[in-house]
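Below: one structure, written as structure tokens.
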Amino acid sequence: MILYERHYNWTPEDTRRDIPFAFCCPSNIKRLLITFTFSPGAEQQPERCEMAVERALTRYYDRYPRDIQPMQSEQFFPIKNLITLSLEHDGVYLGNAHRWQTEQVHILTTKHASRGFEPPCAMEGTWAGMLHIHEILSQVCEGYLRVEGSEDA
């Protein structure tokens, strides 16, 4: 049974935004399967990457003179887009999938949960989550989130 499904389109302006989502899980559901994908996983165009790398080097590295320890921004290309997913059940935080993978599958039951999450005390109830848009450098980044409930654990 599909409990939640949505397609997304993000741009660099969405960087540092949180996108909430919520769904209700009926009493007959014993297992959740969460599929999250986004693409592209990284920005390849040098002109889009250059600004982000220079910003980071200026912020984190420029206390060291570059002529002593030269840092060429090209060595950091390509730059990955990063979107993570967090979950809570009935107001209890269950964890975060803080991964670079562009194709993610997370499974939750009351006994087991995918890496990064804790199993919930019960499946029934109100679920909420957040897609954390850490960085989007690509002109357009497409995402897809689907939550399926199953009566089989």
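In what follows, every heavy atom counts, from backbone to side chain, and hydrogens, waters and symmetry copies are set aside. Computed from a prediction, not measured in an experiment: that's the story for all the values here.
Counting Ile, Leu, Val, Met, Phe, Trp and Tyr side chains that sit under 4.5 Å apart, directly or through other members, Trp100 shares a hydrophobic cluster with Leu82.
Counted within 6.0 Å of CD on Gln101, heavy atoms from surrounding residues, nucleotides or ligands total more than 12; the atom is thus considered enclosed. Heavy atoms of other residues, nucleotides or ligands lying less than 6.0 angstrom from CD of Glu103 number 12 at most.
Under the side-chain contact (heavy atoms from CB on, under 4.5 Å) criterion, Glu88 pairs with Ala128, not counting sequence neighbours. Under the rule for a ring-ring contact (aromatic ring centres under 6.0 Å, His included), the partners of His98 that lie at least two apart in sequence or sit in another chain are His134. Remark: Ala97 engages Arg99, Gln104, His106, Phe117 in a side-chain contact (heavy atoms from CB on, under 4.5 Å) (not counting sequence neighbours). Legend: residues meeting side-chain contact (heavy atoms from CB on, under 4.5 Å) with Gln45, ordered by chain and number and at least two apart, are Glu43, Glu47, Arg48.
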*Evaluate the side-chain contact (heavy atoms from CB on, under 4.5 Å) criterion for residues Gln44 and Phe77: first the C-alpha distance (whole Å), next the side-chain angles of each, then the deciding distance (0.1 Å), finally the verdict.*
CA-CA 7 Å; Gln44 304 288 336; Phe77 296 178; over 6 Å; no

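Here the closest non-hydrogen pair linking Ser138 and Asn81 is OG-ND2, 3.0 Å. Here the closest heavy-atom approach between residue Thr110 and residue Pro119 is recorded as O-CB, 3.5 Å.
Put simply, Ile79 and Val140 are part of two different groups of oily side chains (I, L, V, M, F, W, Y) that touch within less than 4.5 Å, one to the next.
For the side-chain contact (heavy atoms from CB on, under 4.5 Å) test with Ile133, the passing option among Thr84, Ile83, Thr11 is Ile83; the others fail.
Side chain to side chain, Glu118 and Tyr93 fail the donor-acceptor criterion of an N or O pair below 3.5 Å.
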Please output the side-chain donor-acceptor pairs of residues 16-40 that fall under 3.5 Å, not counting sequence neighbours, one pair per line with the distance.
residue	atom	partner	partner atom	Å
Arg17	NH1	Asp14	OD1	2.3
Asp18	OD1	His132	ND1	2.8
Asn28	ND2	Glu151	OE2	2.8

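No side-chain heavy atom of Trp10 sits under 4.5 Å from any side-chain heavy atom of Thr15.
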